[in-house]
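Heads up: the structure comes next, in structure tokens.
The chains referred to below are lettered A, B, ... by the order of the sequence lines, with proteins before strands, and numbering in each begins at 1. Only a predicted model underlies this, so the values are computations on that prediction, with no experimental measurement involved.
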Protein chains: 2
Amino acid sequence: MKKLAIPQGYKTTKQRKAILEVLEENITPMHAEDIYFKLKEKGIDISLSTIYRNLDMLQKQGLVIKAYMLNEDKARFGLSSKKNYLICQECKKIVIIDNCPFEKFKEELIEVHGFDILGHSIEVYGICPECKEKIKNDEKPSQENK
Amino acid sequence: MKKLAIPQGYKTTKQRKAILEVLEENITPMHAEDIYFKLKEKGIDISLSTIYRNLDMLQKQGLVIKAYMLNEDKARFGLSSKKNYLICQECKKIVIIDNCPFEKFKEELIEVHGFDILGHSIEVYGICPECKEKIKNDEKPSQENK
DNA sequence: ATCTCTGCAAAGCTTTTGCATAATA
DNA sequence: TATTATGCAAAAGCTTTGCAGAGAT
């Protein structure tokens, strides 16, 4: 697991370090507010604008990716190394897809459409094994859940 | 090409028909404002709130998908039949991927991660052949374009 | 000492909502 | 005629920005 560093030319502040730390600890891309509260829990006081400004800088430096998940209207931020994933629709847990199956198809896309492929983003939505189990059990007691 | 109809239980208004029409005519998912101006061009006067309300309804009815593209902060709306695509980073043109290569890998994901797969979304970024050509030509004249 | 970063409050934008009026069935 | 849809203006929510003071090199 490679340690992330603050990019050249930017100063080392406790806020900046803390943001990177939180991003490293969470597999799921986070809302700016999530980061804000996670830091508050850790006793680090920070303003939302500082968070936004740093995320913006980290994005421009290529360390962070900003993306919107399906059916959400708030941006999420995650380290760019974690890009292809499965998302559990129930618990929002994210599982990284290590060997992205898509790589094998770039060639095909280039041939068929003539595009130079620069990058891609895949989101797969489903139910994780744990939630599947939970749902199965919850179904019995009542007829009208949800 | 199947014609889209206004869902059961909803009234037929000229605004509603016009929104669906514009969505059918555009392969690229559009911002609410894009739709607003496209309709203005056609001489159809409509308010942004009507557009948002209808897109929301169409989304809930499953006809429309709302999504954010990488590096954009405004939602785009497109017909749900057009879901996997290539996006040209230069001209923003979108090319639909007809046979989604991903289908073949669902089984593998289910096996490896135990997820029930409900759906997925793929965005591929690249440069289309036309822009590739244009860029090649533009590179010669000046050293500082952009 | 200089230059960058942070926090606060205010501004900006997209999207949503309330309400009266207009249009559809 | 009853019900749903529209338009306008105002509200809401996330994100950005200006500025003065604090912090890093």
Side-chain angles (χ1 to χ4, degrees), chain A residues 4-23 28-40 42-61 63-78 92, chain B residues 4-23 28-40 42-61 63-78 92:
Chain A
L4 281 180
I6 290 166
Q8 274 272 335
Y10 295 93
K11 292 183 173 168
T12 303
T13 64
K14 78 169 194 295
Q15 292 91 335
R16 200 160 269 167
K17 276 191 295 181
I19 292 171
L20 272 176
E21 204 178 290
V22 170
L23 289 176
T28 306
M30 306 170 83
H31 299 138
E33 233 190 359
D34 295 339
I35 298 173
Y36 177 81
F37 285 118
K38 266 273 179 336
L39 288 178
K40 189 147 255 178
K42 290 186 170 199
I44 294 166
D45 230 322
I46 191 171
S47 76
L48 259 179
S49 39
T50 297
I51 292 176
Y52 277 113
R53 270 193 278 236
N54 274 294
L55 289 172
D56 190 58
M57 178 276 276
L58 292 168
Q59 189 197 202
K60 284 180 177 129
Q61 295 298 319
L63 293 180
V64 158
I65 286 190
K66 174 183 183 180
Y68 290 79
M69 284 176 45
L70 230 49
N71 300 324
E72 279 193 350
D73 293 302
K74 290 157 63 173
R76 284 180 182 266
F77 301 85
K92 301 296 175 195
Chain B
L4 280 179
I6 290 165
Q8 273 273 336
Y10 295 92
K11 292 181 175 171
T12 302
T13 64
K14 79 168 192 298
Q15 292 90 336
R16 199 160 270 166
K17 275 191 295 182
I19 292 171
L20 272 176
E21 206 178 288
V22 170
L23 289 176
T28 306
M30 307 170 84
H31 299 138
E33 231 189 1
D34 296 340
I35 297 174
Y36 177 80
F37 285 118
K38 265 274 179 337
L39 288 179
K40 190 148 255 179
K42 290 186 170 199
I44 293 164
D45 230 322
I46 191 171
S47 74
L48 259 178
S49 39
T50 297
I51 293 176
Y52 278 113
R53 270 193 278 237
N54 274 293
L55 289 172
D56 190 59
M57 178 276 275
L58 292 168
Q59 188 197 201
K60 284 180 178 131
Q61 295 298 319
L63 292 180
V64 159
I65 287 191
K66 174 183 183 179
Y68 289 79
M69 281 175 47
L70 229 49
N71 300 325
E72 280 193 349
D73 292 302
K74 290 157 62 173
R76 284 180 182 264
F77 301 85
K92 301 295 175 195

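Rounded to a whole Å, the CG atom of A:L20 is 13 Å from the P atom of C:dC5. Atom CD in B:E33 sits about 12 Å away from atom C1' in C:dT15, given to the nearest Å. As rounded to whole Å, 13 Å separates atom P of D:dT4 from atom CE of B:M57. The OH-P distance, from B:Y10 to D:dT6, rounds to 12 Å in whole Å. Rounded to whole Å, atom P of C:dT14 lies 16 Å from atom CE of B:M30. Distance, B:D73 CG to D:dG13 P: 19 Å, rounded to whole Å. If you take NZ of A:K66 and C1' of D:dC14, they are 10 Å apart, rounded to a whole angstrom. Computed from coordinates, the B:I35 CD1 to D:dT6 P distance equals 13 Å when rounded to whole Å.
Counting heavy atoms of neighbouring residues, nucleotides and ligands inside a 6.0 Å radius, atom NZ of B:K42 exceeds 12 of them.
Here A:I46 lies in heavy-atom contact (under 4.0 Å) with sugar-phosphate atoms only. Among the atoms of the strands shown, none is found under 4.0 Å from any heavy atom of B:D56. Contacts of A:K14 with the nucleic acid, taken as non-hydrogen atoms under 4.0 Å apart, are absent.
Classified by interplanar angle (parallel below 30°, tilted 30° to 60°, perpendicular above 60°), the ring pair B:Y52/B:F77 is perpendicular.
No N or O donor and acceptor, one from the side chain of A:R16 and one from the base of D:dG23, sit under 3.5 Å apart.
At least one side-chain heavy atom of B:L20 sits under 4.5 Å from a side-chain heavy atom of B:L58. The shortest distance between side-chain heavy atoms of A:T13 and A:N54 does not fall below 4.5 Å. The closest side-chain heavy-atom distance from B:S47 to B:Q15 is not below 4.5 Å.
Put simply, B:T50 has a side-chain N or O that comes within less than 4.0 Å of OP1 or OP2 on D:dG7. The phosphate of D:dA5 has neither OP1 nor OP2 within less than 4.0 Å of any side-chain N or O from B:K11. OP1 or OP2 of D:dG23 has not a single side-chain nitrogen or oxygen of A:Q15 nearer than 4.0 Å. Regarding contacts with the backbone of D:dC8, every side-chain N or O of B:S49 stays at 4.0 angstrom or more from both OP1 and OP2. A sub-4.0 Å separation between OP1 or OP2 of D:dT6 and a side-chain N or O of B:T13 is present.
Between A:A75 and B:S47, the residue anchored closer to the 5' end of DNA chain D is B:S47, taking for each the nucleotide with the nearest heavy atom. Remark on DNA chain C: of its neighbouring residues A:L48 and B:Y68, the 5'-side contact belongs to A:L48, judged by nearest-heavy-atom nucleotide.
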